[in-house]
There are 2 protein chains.
Amino acid sequence: MGDSTRERLLRAAGPIFASKGFRDATVREICDRAEVNLASVNYHFGDKERLYVEVLKYAHSQRMNLAASRSRQPSSSPVEDLRRFVHDFVFRALAMEDDSWESQILLREFLKPSTACRELVQENIRPHFEALMRILSRLLPEDVPPEKRHKIGFSIIGQCVYYRVGHMVVEVLISPEEKATHFSAEQVADHIVQFSLAAIAGAAHVETFESISG
Amino acid sequence: MGDSTRERLLRAAGPIFASKGFRDATVREICDRAEVNLASVNYHFGDKERLYVEVLKYAHSQRMNLAASRSRQPSSSPVEDLRRFVHDFVFRALAMEDDSWESQILLREFLKPSTACRELVQENIRPHFEALMRILSRLLPEDVPPEKRHKIGFSIIGQCVYYRVGHMVVEVLISPEEKATHFSAEQVADHIVQFSLAAIAGAAHVETFESISG
DNA sequence: GATAGTATGAAACGCTTGTTTAAAACAATT
DNA sequence: AATTGTTTTAAACAAGCGTTTCATACTATC
């Protein structure tokens, strides 16, 4: 990233949008930190909202690059693919340890989706969801209907996201020692894979659990 | 709740704060919906923030009433308890149907807590989590270590929360027809129960999946 | 070196926000 | 009925916001 006014703005806006949200972040503060003129946002991006969209895209692309090296490896088995997917997800989009503004701002979008979010999901998230769907269709019997595969996909993603969204709650509910010894990103990812594989294995014999729970 | 100006304000402010957040909610809109004069907020509550705190307290008390009715405890099977827990969580705590602004505003606080009411959120979440832990310890073998039970609990809650937090993502990724026919709150809750029971059943034979995935 | 197109700068505009004001309406007590 | 304190009303206020303006500085092309 260079040093043009446009790039200075993108770099300055990220942390501010992340910590304060779209509404509470002011153009004046962004320009102040970027050390550019107040009118620059409107000149280079049109308005505040289009700057926000660009920042969002940049944040997401940064997150993707983090895991790019890992996910490009050739696929051996679907189980191994799922393992890689979950690990990438936990490390990339969630990155439990870090408080980087990239993950903050994406989290904010999930909680309170702006109109910009739709665009982001379409362009950036859908490919990863479809990759997960391809993994699942290899893991599941062929007669499992698509909506069932979708729900299973959301269940897997949901677990990953919660460890980020609710990490504050996790900290409150369990002891610090337990968190230190058993809740590293690696361990959490392993658990999610194991939990989901068990559930998927069970999905082949649905009637068993239907009879239990029904 | 009566019909005084103060009470009209509390009733009107709840859903607005819940859907828009503190900053984006305007006192003009609140007074408009409450059909009271613009100056009423400052007269009866001092300022906008103290109105917000009162609304939060009200939401919390409402949720406590719900939790009280939930702890009508004993059930024959832990499976049935889990089913009830998930259904309650999806229907009331999360309220996919938008009838519960109380949960929305608390979820908002739980993700970005305002300094005033951090412990308010704590008190709200912990009883739910401990209730789930009691269910899980009946569902799982005794030798399953506590941190494993905790992770399984987070996995279940994570699925529930994701359908709330990531509902925008869900809407974009699947077709409207599929959402209408297969993603009602009832169907989602059923799926989560089934998925989690299958995973729990598998947790008794962990080594199987360890050997598959490792 | 003149010129056209682009980028920056300082100031102001128009609008919305939460809040305040002061008068009017109401309620209750004497 | 007069007086007191409380509540409601309409209007205005001051501050902050995103955005626009227009003059100026830069940069590349001829």
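Please read all numbers here as calculations on a predicted model, not as lab measurements. In the text below, chain A, chain B and the rest are named by the order of the sequence lines, each starting its count at 1.
Of the side-chain N and O atoms in His44(A), one or more sit less than 4.0 angstrom from OP1 or OP2 of dT8(C).
Taking atom CD1 on Ile30(B) and atom C1' on dT16(C), their separation rounds to 15 Å, with Å as the unit. Taking atom CZ on Phe45(A) and atom P on dG18(D), their separation rounds to 15 Å, with Å as the unit. Nucleotide dG18(D) holds its C1' atom 17 Å from the OH atom of Tyr52(A), rounded to whole Å. Counting to the nearest Å, the C1' atom of dG18(D) and the CZ atom of Arg23(A) are 10 Å from each other. Remark: C1' of dG18(D) and CG of Asp24(B) are 14 Å apart, rounded to the nearest angstrom. Between Lys20(B) atom NZ and dT16(C) atom C1' the separation is 13 Å, expressed in whole Å. Rounded to a whole Å, the OH atom of Tyr43(B) is 13 Å from the C1' atom of dA25(C). Atom P of nucleotide dC17(D) and atom CD1 of Ile16(A) are separated by 12 Å, given to the nearest angstrom.
In this structure, the nucleotide among dT8(D), dG18(D), dT19(C) sitting nearest to the side chain of Val27(B) is dT19(C). When distances run from any side-chain atom of Asn42(A) to the nucleotides dG9(C), dA10(D), dT19(D), the shortest one goes to dT19(D). Considering only side-chain atoms of Thr26(A), the nucleotide from dT8(D), dC17(D), dT19(D) that sits closest is dC17(D). Counting only heavy atoms from C-beta on, Leu38(A) has its side chain closest to dT19(D) among dT8(D), dT19(D), dT21(D). Distances from the side chain of Asn37(B) to the nucleotides dT6(D), dA10(C), dA10(D) place dA10(D) closest.
A side-chain donor-acceptor contact under 3.5 Å links Arg126(A) to the backbone of Leu173(B). In this structure a side-chain-to-backbone donor-acceptor pair under 3.5 Å is present from Lys48(B) to Phe22(B).
In this pair, His150(A) and Phe129(A) present their aromatic rings tilted. The plane angle is within the 30 to 60° band.
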Under the salt bridge (charged side-chain N to carboxylate O under 4.0 Å, His left out) rule, what do Arg11(B) and Glu7(B) come out as? Steps first, then yes or no, please. CA-CA 6 Å; Arg11(B) 227 177 321 138; Glu7(B) 285 157 347; 5.6 Å; no
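Side-chain to base pairing of Arg28(A) with dG16(D): no donor and acceptor N or O lie closer than 3.5 Å to each other.
Arg84(A) and Glu80(A) are joined by a salt bridge, as a carboxylate oxygen and a charged side-chain nitrogen come within less than 4.0 angstrom of each other.
Across all strands shown, Thr5(B) has heavy atoms under 4.0 Å from sugar-phosphate atoms exclusively, and none from any base.
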